[in-house]
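One structure is given below, encoded as structure tokens.
Atoms within each ligand, like the ligands themselves, are counted from 1 in listed order.
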Amino acid sequence: MGIRLRGRLGVIVTLGVCALMLFLALGTLNAFNLPFLNPASPTQTLVFITLSVLAFLLFVAVLVLLVRNVLKLYADQRSRILGTRLRTRMLWGAVLVSLAPLVFMVAFSYLLMNRAIDRWFSQPVTQMRDDSTRLAEELFHYTAANARSESDSIALELSDVPMPAGAPARPQQFERVRSVLTRHELTLQGGFAIIFHDDRPLASIRVPDVRGGIVHIRALTPLSPATDDSAPAPEPTIPFHGTPEQTLLDAARRADDPFYTIGGTDFTLATAGLKQGGIVVVGLPIPSGITATTREMRTASSNYWTTFRERRAIRSLFLMMLLLITGLALFACCWLALNLAKQVTKPVESLADAMEAIASGDYAHRVPASATDELGELTASFNAMASDLETAHHLAEHSTAQLSGLNAKLEQRRNELETIVDTIPNGVVTLSAGGRILVANRAFSEMLDPGGQKHFVGLTLAQVLPAEIAETIDRIMRRAHRMGSASAAMEMQSATGMLHLSATVALLEQGASASQATHEELGYVLVLEDATELLRAQKQSAWKEVARRVAHEIKNPLTPISLNAELIQRHVGRLNTLLSEHQVESPSPAVIQRGSEIISSSVQTMRSLVDQFSALAEFPTARPKPADLNNIVENSLALFAGRLSHIRVRLTLAPHLPLIMADPEALKRALSNLIDNAAEAMQDSLLRELEISSRHLDSGMIELSIADTGPGLTDDMRERLFLPYFSTKERGTGLGLSIAAKIIQEHQGTIRAEKNVPAGARFILELKPAPPTEDNDPSTASNIPEPAHQIH
Ligand code: ADP
């Protein structure tokens, strides 16, 4: 954040500095006649122009940038982009706030500039300048007058000294001339004097070094507003020629203004003629500094007049500069205001964008941290809130996913329950608290409307059940209210006959746990169990039991009756023999005979009657006797002759097995049940193999195993296998294995089911061997079959 802000600030500062420098450059280039910017050559002029153009172009570019920003703002405002109104207000605010001081500044500067310009060209200034110029001139003229009087004075003193005409001077003459010059040495003030005769120097004193030439001082040339002397010509130089004296004489003769710079010192020269022929040249030094001051004054004066001539142009230039500065200040204000506004509106825009993004579901959107201060804090808080929202959203999504997972599971459970409820043979109905049917399963529909398509949902029980049944159920519903659940048995006339129903009603409550005090009723569950078949079976078995007992009770007295009848008949026969020996005629024996015969035939009749009762009871008590197990197995298999053709039967019977105590008929029935189950289990198997094996166990028991390669048994099945009525088959009775188990139990043996390897079920029977007697010793028994290893 800081880096970005610093970067932007840097750009602004750089642009500001650039604009200022450009402006200064423009001003400097055009307003001031700076010595280092005075182009002397065409190349310099070209560089100067290029720089000016560049500065101007850059200035225009900055201006365009500003105008672009303002236009963009206007466009934003037209398109109602967030923050533009604030930016516009800030812009107007900046303009208004800066306008008053700017106008004041312009007015004040304008007045000040006018006054300054007026001051520059005011009367006292001009007067002072003219006076000082005149003072300098006077000084010069005073020195020149001094020099003239000095030369005149020397000429006067030499007037009585004869000058040789055309002949070389005698030494005495030189002496006199020299003494005159020596006397004037003091009044010469460090200057020089030379006496010429016939243009030849006779004598001289302190002649300066003129080898560097003699430079004429033109500082005193008068200047006026009319003269265009902005670029003064270089001062003329008299070159060194012949002797120094000769050069000096030339200079003294030539000049109108006898002011020269000789060997670094300024001199004024004067000449005076000698009566006897000859010339005196005197050079007096001008006080040092006067020439430099005069030169400066001259340059200043020249500048002054230049400025004076250009004062209108300068005024308009200053005015332009003032307007330029004002414009620039205004632009700078606007630009600053826009940038400041941007610093506020940009984060606000970003916040608005982020809000929109989050509202449309993009919870990962964050505001770029570009703002500082309060806005920065606001952005940070917003981002924190957004990340909280994102976390909450993720949690909500997670919870929703979990909930939908749970819902799907619940739905699956509900479907499972519905399927279970729909497939159970009992009629199940869910009732609302008001007693209306909410759900009714298929068994219920079948009970009331066999094969029909009637819909019971939404109806009351009184509308679908006979009145007395509905009344009974209503009663047990009320009882269920008190006790939680209640049952009752009832009979109902249906299309298929009389149904014996057992109805159970359970109350459905919300918060039925012990911790909750208030229970809200949700409705009832009514289960109607059709007990018709069960009752029939129960009745049947009761009848069988009665028959078995009656048979047993009747059978008991029949034997003594029959025995006694036979005894009577035997005695009657002996009585008849005795009577015929003694020829006694008696009707008694015949009567007794007939009576006993009637008793015998009646006993026979009753015996067959009892047998019929036994047949009705179906379970004649097993009468175990020593029997060969292998034989019983083979007889059992013989029952399936031709019906096991699709099954590979492996018979592995151990030879020389001891006889077992068994009722062959009953055991055959049990085995045939096991073989039948195995064959049925393998119906859909690829491998169909039935293995029956017998062996003598170490414990002394005889083991018979019947194994198949069917689907096998689950643990749950193994637990319930031998219970009556347990069946997984559609038309199974579930009695086969319970009968087999009962028979084995009567044989004092055991039966169990195990998993077969590699697949299927294995039923293992353990039977008791018969107590060893002479008759049943297998080694002596003649009816024992040979070892059998038959494979069908
Ligand atoms: P039912 O044969 O009438 O169903 P059973 O008492 O004979 O009655 O058998 C009870 C159940 O035991 C059968 O329904 C079947 O599921 C299972 N069962 C019996 N024998 C086998 C076997 N050899 N393999 C697999 N399941 C068996």
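When each atom of ligand 1 is checked for a heavy atom of Leu713 under 4.0 Å away, the hits are 25 (C), 26 (N), 27 (C). Using a 4.0 Å cut-off to heavy atoms of Gly712, the atoms of ligand 1 that qualify are 25 (C). Listed by atom number, the atoms of ligand 1 under 4.0 Å from Leu721 heavy atoms are 12 (O), 17 (C). For ligand 1, the atoms sitting less than 4.0 Å from at least one non-hydrogen atom of Leu737 are 5 (P), 6 (O), 7 (O), 9 (O), 12 (O), 19 (C), numbered in the order shown with element in parentheses. Near Ala681, the atoms of ligand 1 lying under 4.0 angstrom from a non-hydrogen atom of the residue are 22 (C), 24 (N), 25 (C). Short contacts between ligand 1 and Ala678, defined as distances under 4.0 Å to a heavy atom of the residue, involve ligand atoms 23 (N).
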Going through the checks in order, is the salt bridge (charged side-chain N to carboxylate O under 4.0 Å, His left out) test met by Glu754 and Arg752?
-> CA-CA 7 Å; Glu754 284 180 1; Arg752 64 179 194 276; 3.0 Å; yes
Give the C-alpha distance, both sets of side-chain angles, the deciding distance and a yes or no for salt bridge (charged side-chain N to carboxylate O under 4.0 Å, His left out) between Arg475 and Glu471.
-> CA-CA 6 Å; Arg475 212 171 47 243; Glu471 213 172 280; 5.2 Å; no
For the pair Tyr363 and His394, evaluate side chain to side chain donor-acceptor pair (under 3.5 Å) and give the outcome as yes or no after the intermediate values.
-> CA-CA 9 Å; Tyr363 290 94; His394 282 324; over 6 Å; no
What's the verdict on salt bridge (charged side-chain N to carboxylate O under 4.0 Å, His left out) for Glu418 and Arg414, showing C-alpha distance, side-chain angles and the deciding distance?
-> CA-CA 6 Å; Glu418 256 178 27; Arg414 205 178 65 84; 2.8 Å; yes
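In summary, Arg594 and Glu597 do not engage in a salt bridge, as defined by a charged side-chain N under 4.0 Å from a carboxylate O. Between Arg442 and Glu446, no side-chain nitrogen of the basic residue sits less than 4.0 Å from a carboxylate oxygen of the acidic one, so the salt-bridge criterion is not met.
Ligand 1 has no N or O atom lying under 3.5 Å from any N or O atom of Ser738, backbone or side chain. The shortest N or O to N or O distance between Glu680 and ligand 1 is not under 3.5 Å.
Across Thr709, Ile675, Leu690, a single residue satisfies side chain to side chain contact (heavy atoms under 4.5 Å, CB included) together with Ile647, and that is Leu690.
Proximity of Met717 to ligand 1 is established by a heavy-atom distance of less than 4.0 Å. Ligand 1 has at least one atom lying under 4.0 Å from a heavy atom of Phe763.
With no hydrogens or angles considered, no side-chain donor-acceptor pair links Arg436 and Thr460 at under 3.5 Å.
The side chain of Asp708, and not its backbone, has at least one atom closer than 4.0 Å to an atom of ligand 1 (non-hydrogen atoms only; side chain from C-beta on).
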